[in-house]
Structure formats: structure tokens, C-alpha cells
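The structure presented is a predicted model; accordingly, all values stated were derived computationally and were not measured. A, B, ... follow the sequence lines: proteins, then strands. Residue 1 opens every chain. Computation of the quantities below employed the complete heavy-atom set of this structure, encompassing side-chain atoms and omitting hydrogens, waters and symmetry-equivalent molecules.
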Amino acid sequence: MSSIESLPTDQREKVESFVSITDWKGDPALAVVLLQSSQWNLELALSRHFDGATGDLNTETSTQTQESSRQGFSPGDFVADDDDIPGIPHSANTNSDNHEVVDTNHPPSGPSYFQTRLKSLLLLPFTAAYKAVSSIFYVLSTVLPFLPRITGIYPSNRGAAHSERKSINPRDTAARFIRHFEDTYGNEHGLEMFEGGYSQALDTAKRDLRFLVVLLMSPAHDDTPAFYRDILCSAQVVAFLKENHVIVWGGDVRESEAFQVASQLKCTSFPFSALVAPSPRSGSNIREMIVLHKIQHLVTAPRWIHALEQGINGHRGKLASLAMDQQERDLTRRLRQEQEEAYERSLAQDRARDQQRAREREAVAEAERAAAEAERHKELQAQKRQQWIKWRAGKIKEKKEDDASTPTARVGIRVPSGTRLNCKFPAYSTLEDLYAYVECHELLNGDDDFSDVEKPEDYDHEYSFELVSPMPRKVIKPVTDVTVQEEPAIWPNGALNVEVVDEEED
Amino acid sequence: MFVATNPGFVGAPVTRALVTIVVCLPVFVSLLELQPYFGLQMVPFITAYHQWWRLLTWQEVYVNQSEIIFASLALYNLRIVERLLGSRQFLSYVLVVLMYTSIFVPLISAFIGILPFVSIPYIPSGPTALIFSLLVQYRELVPVAYKFKFLLSSTSDSVTEVTLTDKIFLSLCVLQLTWTKYWGSIIIAFTGWTVGVLLDLEILPGKGWRVPLFFRFDSRREAERIEAVSEEEETDTAFQRPLTRQIIDTFR
């Protein structure tokens with residue numbers, strides 16, 4: 001249908017869902033009209049459809065669509081598709097239910113009208129037989145209500161003689177009871193009833209330490225209206241109940257819950273009222289609900305109040321003691337809670353302090369350990385240094401023995417002790433060799449053989465002195481890539497002073 | 001027993017009277033050998049002997065022990081109807097039903113007698129009709145406490161079961177009354193039930209009628225209606241019993 005395609009997306013979706021929900025067999029344009037007449041409210045359209053309001057709708061919508069097309073209400077294909085819009089009432093003619101309704105607006109076109117009449121005339125005997133049988137069955141199933149349940153055939157609903165009460169949840173049952181009461185006797189009495197199940201009402205009364213009045217009504221009983229009117233609607237009673245903060249729970253004994261309550265409260269006649277209150281069980285602090293007063297019958301309002309008053313006044317002491325108990329319990333609980341909180345707090349403080357201390361101790365230990373480590377490292381370093389010096393001395397000695405042919409630099413080195421070392425260095429020896437010589441000079445004089453001393457691993461030797469040529473002052477660095485030859489201060493001969501560098505680390 | 005309500009006849013004086021009548025009257029009747037005076041057989045008592053008083057007395061007394069047992073059992077359980085309706089309305093209902101059944105049962109049996117090849121059925125004595133019309137009230141007023149499924153047969157692929165309510169027990173008990181005298185009992189039972197339904201639907205007039213000058217049949221004084229509970233009852237003991245327990249309790 002072009003009319004559907006021309007609709008906005010959301011409306012098209014609504015039409016589609018409407019068609020899928022209702023299993024729409026007819027013209028889709030009719031569905032569009034139905035939805036349009038429901039202001040595109042899907043639920044409304046559905047309920048209209050299922051309530052069988054389609055017939056009324058046709059007259060309504062046909063006028064409406066005419067109107068709307070007159071007003072240019074739907075400027076799109078709705079006006080252009082002139083075939084569709086007037087077609088709607090005609091297509092509805094196939095639906096026989098709509099027939100008469102449509103008749104009032106549009107006289108039916110000849111052949112289809114007479115066809116329908118003829119058909120119904122031909123089918124008359126069958127229809128009559130069916131109607132007769134279903135009527136007999138209807139009467140039978142009215143008299144013997146269990147008949148449909150046994151046979152599984154339910155007569156068509158003709159004003160429903162009576163409907164089975166569905167079991168619903170206690171809250172709804174209570175709400176229904178209250179609504180019935182207010183519908184019948186007005187709601188200016190101001191009586192507030194508990195909206196919930198009986199056990200809920202009991203629990204509330206028990207928790208809040210309030211009195212509970214249980215009302216059980218048998219609607220079939222002659223005294224029930226009088227009870228409602230004279231007692232529940234009486235201002236005196238309402239005021240009394242309000243004053244004492246009484247929870248009022250009412251139930252209709254046709255409901256399963258209220259019926260069970262009736263049998264539990266040993267109720268023998270209606271209308272029944274009972275005063276129930278929480279009470280301490282002897283010898284323990286468990287609360288139980290007890291029945292204080294039962295009023296089984298219609299009495300006058302003052303007597304009713306008097307009876308309840310007696311019950312309430314007689315029990316008030318116990319309730320007060322329960323309240324006190326509860327208060328005390330609350331108090332002790334709060335006290336204990338506070339104590340526990342304080343304890344927790346101090347515990348947390350202590351813990352924090354302990355942790356702090358532990359951290360400090362750890363830090364000290366860490367520092368000590370680090371110091372020891374450093375000490376050990378230093379010792380090791382010193383040891384290695386000694387070893388390195390020995391190894392270097394060995395190397396120097398080796399070298400000395402090797403070369404005598406190469407040109408040498410003669411260098412005089414003054415060490416801090418005052419002695420002057422005169423030595424020769426081959427031209428290829430590096431400046432580092434000078435340093436090594438100075439470092440090892442004490443060992444070189446001896447005859448000790450260091451050739452078997454290994455070079456220490458993981459050790460970079462640092463010289464603790466500098467070689468300085470005095471005039472002009474120039475520091476000769478212990479580098480390996482500069483040979484003696486290339487250093488003019490000492491080639492072919494020179495003099496150097498040893499200046500001890502202060503180790504700042506110490 | 002079959003109905004969860006307070007045991008005993010408290011709040012049900014009319015039922016107490018009915019049960020007393022159903023149990024005690026047959027004793028006197030059998031001691032005095034008066035059985036032939038109850039029971040309704042149109043031919044010859046009405047047609048030949050014109051004993052019209054039989055139309056009034058046939059509902060008074062059971063002459064069969066099993067009927068007495070089941071009727072008293074049923075009436076005892078139907079005291080819940082009196083408690084729910086109130087004694088005055090209950091008594092009115094009983095009287096109205098008795099009146100209608102006294103008229104209809106002979107009429108129906110006479111109508112059956114007119115039919116060819118059927119003899120006029122013997123109408124056994126006893127308030128069976130009353131009990132059936134009370135059963136209608138029971139069905140109307142008392143809610144279903146629980147439902148259970150009764151497995152009729154189960155094969156590998158299909159399970160046949162019926163869902164029954166707790167009301168089936170009392171109904172079965174009452175149904176026993178229809179089997180004692182074959183056609184007559186069935187006619188009475190059907191009439192009683194129909195009268196009950198029609199009264200309930202207010203097709204037959206009489207639902208609103210009350211016994212005039214009702215002199216407080218329950219005879220309880222005003223003061224006794226208000227009952228201060230001396231021994232304190234607990235109310236919150238297991239409010240809803242489990243289903244199995246309920247079924248077991250039914251048979252206690």
C-alpha cells in the first residue's frame with residue numbers, strides 16, 4: 001500500500017506491529033485508519049480492535065477521514081489515493097458484524113446485500129438448531145456450574161452468571177476489599193485500612209508495636225451492611241482507631257486468605273472483629289501476636305469501641321514494656337555499636353602506629369644493610385685495587401723486558417713522598433702507562449714476580465693522583481689513545497709531579 | 001473436618017437442631033415403628049388414599065443408617081454456611097428450600113409418571129434436597145483453599161489428570177445420598193440443587209425473605225458476643241500449612 005509506505009517511520013512501525021498483533025486479515029488501510037483514529041496510540045487501537053469497536057469505528061473513521069481529507073489533514077497519498085479511502089467502508093462490508101453499522105451511513109450496494117440475506121435465510125435452520133442447543137447447554141451449565149468444567153465446553157458468555165474468583169496476591173485482594181468498601185459506603189469516613197496481606201499486617205503490627213484490628217466480613221450475611229455503616233463509617237470509631245494508631249485489616253471471607261484467617265481466629269459468626277496485639281512470650285524476648293478481644297456479631301458502635309478500649313487499655317502496659325525493651329535493646333545495641341566503633345578506631349590507630357614503627361625499623365635496618373654493603377664493596381674494591389696494581393706491575397715488568405730497542409722518553413717523576421723516579425718509557429707507551437708506572441713503582445723495585453696475578457674482574461681502576469708537568473702547569477690525563485711521543489711535555493724528556501687528588505667521597 | 005472452620009456448633013444453632021433431628025428422629029421413628037408413614041409414593045398413598053400430609057412429612061426423616069451417617073456428616077460440615085449467612089438467614093433459607101422442594105419433587109415425579117413406559121418413582125424420605133441446596137450455598141460462599149491434581153492414568157506419552165479442589169471431599173460425602181434409592185434420590189438431589197441455584201440467581205423468589213419475629217435464635221446474650229480472650233492465643237503459628245498437611249488434616 002502506497003498509503004502505508006508514505007507514512008513516517010514510527011507510524012509505519014506501529015501499523016506493522018498492529019497488523020502482526022491482531023493477525024489483521026483485512027485491508028491494511030483500515031488498520032491505518034483505526035490507528036489514526038486512536039491518535040496513533042497502539043494500545044488504544046488494540047483495545048478498540050479487541051473490544052470489537054471496529055464497527056463503531058468505521059462510521060467514526062469514515063466521517064473522520066472525510067473530514068480530514070476536506071481539511072487537507074493528510075496531504076500525502078491519503079488524499080491522492082482516493083480509491084483507498086472510500087474503499088474502506090466497502091471492504092468492511094465483508095465483515096458481517098460491521099454490516100448494520102455501516103448500513104446506517106452507506107446503503108449497501110445491491111447484489112452483496114441480497115446475497116448475505118439469502119445466505120442467512122438458507123442457513124436459518126442450522127442457526128436455529130445451534131442456538132437452541134447452545135441455549136439448553138447454557139441453562140444446564142447455569143444450573144450445574146461444574147458441567148462446563150467436566151465437559152470442557154464453555155457456553156458463550158451471556159452476561160456471565162457468575163465468574164470464578166481468581167486467586168490474586170493478598171495486596172490486590174486487600175485493595176479490592178477497600179475499594180469495595182469505599183465504593184459502597186463512600187470515603188468520607190476517613191478510615192484507613194491496611195493495604196496488604198494478613199501476615200504483612202501482623203508483621204507490621206509486631207515490628208511497630210501497634211494494635212491490629214482484624215475485620216472479617218461475610219458479604220452474604222445480613223448484618224454486614226449494618227456493620228459497615230454503623231461501625232466502620234462512624235466518626236467515633238474512626239477517631240478512636242486513629243487515636244490509638246490501630247492498624248485495621250479487613251478481609252472478605254469469600255477470599256481464601258480471609259477464610260483461613262477466620263478459621264485460624266476460631267471465628268464462628270460474622271461480622272467478626274478481633275483485637276490482636278504483640279505480646280512478650282513468657283520467659284523469652286520473642287514477640288508473639290495474641291488475640292485480646294473478639295467481637296463476633298453486630299454490636300453498637302459504643303459497645304464496639306468500649307470492648308476494644310478495654311482490650312487496648314488492658315494491654316497497653318505490656319506494649320509499653322515491649323516498647324521499653326525495644327528501646328533498651330536499641331540503646332544497648334547502639335552503645336555496643338559505638339563501643340565497637342571506638343575499639344575499632346583505637347585498634348586502627350594502634351595498627352597504624354605499629355606499622356609506622358615497623359617501617360622506621362625497616363628503614364634503619366635497610367640503611368645499616370646498605371652501609372655494610374658499601375663497606376664490603378669498598379673493601380672489595382680496595383682488594384681489587386691491590387690486585388689490579390699487582391697485575392699492572394706484572395704487565396709493566398713484562399714490557400720492560402721486551403723492548404730495549406725503541407726510542408724512549410726519559411721522565412723524572414716526583415712522588416709526594418719526595419723521592420724522584422727516573423724512568424724510561426718506550427715511544428709507543430701511552431700516557432696511561434705513565435700513571436700505571438707511578439701507581440706500581442713501589443712494587444717494580446722489588447723482585448717479586450706478579451706474572452701469575454690475574455686482572456680482577458668488574459674493576460675499573462681509577463688513579464687517585466694526577467701527573468702534572470710543572471712549567472707550564474699541565475695535567476696529563478691517563479688516556480690510552482695518546483702515546484708518550486705525542487705529549488710534548490714529556491717527549492723526549494720531561495719532569496712530572498704527582499699531585500694527590502683528594503677523594504671527595506670519603 | 002472437610003471445611004476449615006471452628007469445630008463444634010458454636011454460632012450454628014440451626015445446624016445443631018438439624019443434625020439433632022436427622023440423628024434422633026429416626027431412633028424414635030424406628031422405636032415406634034413409624035417408618036411407613038414417611039416416604040412418598042404417589043400411587044397409592046396420594047392417588048388412592050389421599051394422604052396429603054405425606055407431602056409435608058416426606059422430607060423429615062431418613063430411614064436408612066448410611067443415609068443418616070452421610071447426611072449428618074454433610075450437615076455438620078455445612079454449618080459453615082450458617083456461620084457465613086447468619087442463623088436467621090440460614091433458617092429462612094432452609095424453610096424456603098423445604099417449601100419449594102416439597103412442591104417440586106412430587107410435581108416432577110408426577111410429571112415423570114405421565115411419561116409412557118415409566119412408573120412413578122418412589123420418593124425416599126429425608127432432607128436430601130435440603131442438603132443439596134445447602135451445597136450450592138457452600139459452593140458459592142466458601143473459597144477454595146487448595147487445588148490438587150488427581151492422576152487418572154499415565155502412559156509414556158500422555159498423562160490424564162483432573163484438577164480437584166478441596167471441596168470435592170464434602171461433595172463426595174453428599175453424593176453418597178444419591179445412590180441409596182436410585183431414581184428417587186437422584187430426582188430429589190437434582191431438584192434440591194436446582195432450587196438452590198435458582199434461589200441464588202433470584203429466579204425463584206424467596207432469597208430476601210426472613211423468618212419474621214426472629215427471637216435471637218442463637219440465644220447468645222449481647223455480653224457474650226464480646227469475648228475477652230482469657231487464654232492468650234497465638235495467631236502467628238504457621239499461617240499457611242503445607243499442602244500435604246492440609247490434605248492429611250482433612251481426614252482427621
Practice item. Scan for ring-ring contact (aromatic ring centres under 6.0 Å, His included) pairs involving residues 248-276 of chain A, sequence neighbours excluded, and state none if there are none. Key: Tyr198(A)-Trp249(A)
Practice item. Among the options Val136(B), Val197(B), Val162(B), Val142(B), pick out the one with the most heavy-atom pairs lying under 4.5 Å from chain A. Key: Val197(B)
Shortest non-hydrogen contact from [X] to [Y]?
X	Y	result
Arg83(B)	His221(A)	O-CD2, 4.1 Å
Leu84(B)	Val253(A)	CD2-CG2, 3.4 Å
Arg254(A)	Pro143(B)	O-CB, 3.0 Å

Practice item. Heavy-atom distances under 4.5 Å only: say whether Ile80(B) touches chain A with side chain, backbone, both or neither. Key: side chain
Practice item. Please look at Phe9(B) and chain A and tell me whether the side chain, the backbone, both or neither of the residue comes under 4.5 angstrom of a heavy atom of that chain. Key: neither
Review point. Can you tell me if CD on Glu182(A) sees more than 12 non-hydrogen neighbours from other groups inside 6.0 Å?
Key: yes
Point to revise | Part of Ala220(A) lying under 4.5 Å from any heavy atom of chain B | key: both
Review point. Is Asp222(A) paired with Arg210(B) through a side-chain N to carboxylate O contact shorter than 4.0 Å?
Key: yes
